[in-house]
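Everything below concerns the one structure shown next.
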Amino acid sequence: MELLLTASGLRNETLRDALRDMLGKPFGSANVVYVPTASVAEPGDHGWFVADMNRLHGLGWREFDVLELNGLPRQMVLDRLLHADVIYVEGGSHYHLARSITGNDLANGFLEALESRVYVGVSAGSMIFSRNLTEHSADVIGDATDLHVLGATTVEPPFGLFDWYLKPHLYSPDFPERDDAWADRIAARADFPIYFIDDETAIRVRDDKLDVISEGRWRFHP
């Protein structure tokens, strides 16, 4: 399993090089499937979504597929994941994304696909692997409102691969409140490990090995 968990996609050459290395062949020889599901639960202007999709498309893939996880037959979704070399899951609401995976019975098939494919997560797409993606962590992080707006009070982690939690967009101009004081407050309340990463950083997981790739800044609180 190879995961590249970013805050804002492939924003710099270091992250793009990391993906090339994980993929093991040129982008022009590979298929990518782009999953926008998390983004549709976010209100307001979606210029960020268009910019990231265009940035990804501009890498020159052999095939660029777009796959929504809701509303399609389960086997069709899984077949299209299996057809890709890279599964790229966009940001937005991590709660909507998690609930889409569990609600459509996709978790096991998703994990099977990831056994031989590279996964790139963006923000919400990077947050869904923690076993601490629960209503408790929503209270700790302070984003329970994002869960409640979906008409839910609980959330089930779809994969539960790691005990650590990832919180993106540290120091981001798009989230000006996410500074060191904000991270300190969350870390003081948390009873689980947390990585805070900025928009130029990714956590890379290759089987049982983890490292941080960055042209920016990040923090880890065990």
Side-chain angles (χ1 to χ4, degrees), residues 3-16 18 35-53 55-56 88-99 119-150 152 155 157 162-205 210-222:
L3 312 176
L4 188 65
L5 306 178
T6 78
S8 292
L10 305 170
R11 292 270 296 254
N12 57 61
E13 196 60 33
T14 297
L15 298 180
R16 292 188 287 271
V35 179
T37 299
S39 70
V40 301
E42 286 294 309
D45 184 82
H46 276 58
W48 58 271
F49 167 84
V50 175
D52 192 52
M53 183 168 64
R55 180 166 48 236
L56 178 67
Y88 189 101
V89 180
E90 187 56 86
S93 169
H94 51 302
Y95 298 124
H96 177 62
L97 179 58
R99 286 161 53 82
Y119 179 97
V120 180
V122 180
S123 193
S126 296
M127 299 172 69
I128 56 174
F129 292 94
S130 176
R131 64 181 65 108
N132 283 300
L133 179 60
T134 65
E135 58 274 14
H136 170 66
S137 64
D139 288 334
V140 168
I141 300 296
D143 61 8
T145 300
D146 294 337
L147 177 59
H148 299 160
V149 77
L150 298 173
V155 60
F162 314 121
D163 63 344
W164 47 268
Y165 192 94
L166 187 151
K167 192 64 179 170
H169 309 304
L170 184 64
Y171 313 125
S172 172
D174 295 325
F175 299 87
E177 76 283 1
R178 297 192 185 185
D179 55 12
D180 283 316
W182 166 82
D184 288 341
R185 288 192 297 271
I186 293 175
R189 295 194 302 265
D191 53 359
F192 46 84
I194 305 180
Y195 282 93
F196 297 93
I197 64 172
D198 76 357
D199 292 344
E200 305 294 331
T201 298
I203 296 175
R204 176 172 57 186
V205 180
L210 179 153
D211 64 343
V212 179
I213 304 168
S214 182
E215 289 190 11
R217 295 177 289 173
W218 58 280
R219 294 172 50 165
F220 176 62
H221 294 268

Identify the two heavy atoms, one from [X] and one from [Y], that lie closest to each other, and give their separation to 0.1 Å.
X      : Y      : result
Ala183 : Leu170 : CB-CD1, 4.3 Å
Ala38  : Glu90  : CB-O, 3.6 Å
Arg99  : Leu147 : CD-CD1, 4.5 Å
Thr201 : Arg217 : OG1-O, 3.5 Å
Ile197 : Ala202 : CD1-CA, 4.4 Å
Ala7   : Val122 : O-CG1, 3.7 Å

[X] versus [Y]: any side-chain heavy-atom pair under 4.5 Å?
X      : Y      : answer
Asp52  : Tyr88  : yes
Pro193 : Asp163 : yes
Phe162 : Val205 : yes

Please work out whether the ring planes of [X] and [Y] are parallel, tilted or perpendicular, with thresholds of 30° and 60°.
X      : Y      : result
His46  : Phe49  : perpendicular
Phe196 : Trp182 : perpendicular
Tyr119 : Phe129 : perpendicular

Suppose the criterion is side-chain hydrogen bond (donor to acceptor under 3.5 Å, both in side chains): which pairs have a residue in residues 124-137, not counting sequence neighbours?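 Counting only pairs at least two positions apart or across chains, the side-chain hydrogen bond (donor to acceptor under 3.5 Å, both in side chains) contacts touching residues 124-137 are His136-Asp191.
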
Is it the case that the side chain of [X] and the backbone of [Y] share a donor-acceptor pair, with hydrogens and angles ignored and the cut-off at 3.5 Å?
X      : Y      : value
Arg204 : Asp211 : no
Thr6   : Gly121 : yes
Glu215 : Asn12  : no

Looking at Asp179, Asp198, Asp180, which one forms a salt bridge (Lys or Arg N to Asp or Glu O under 4.0 Å) with Arg219? Asp180

How would you list, by chain and number, every residue that makes a salt bridge (charged side-chain N to carboxylate O under 4.0 Å, His left out) with Glu200, sequence neighbours excluded?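 Arg11.
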
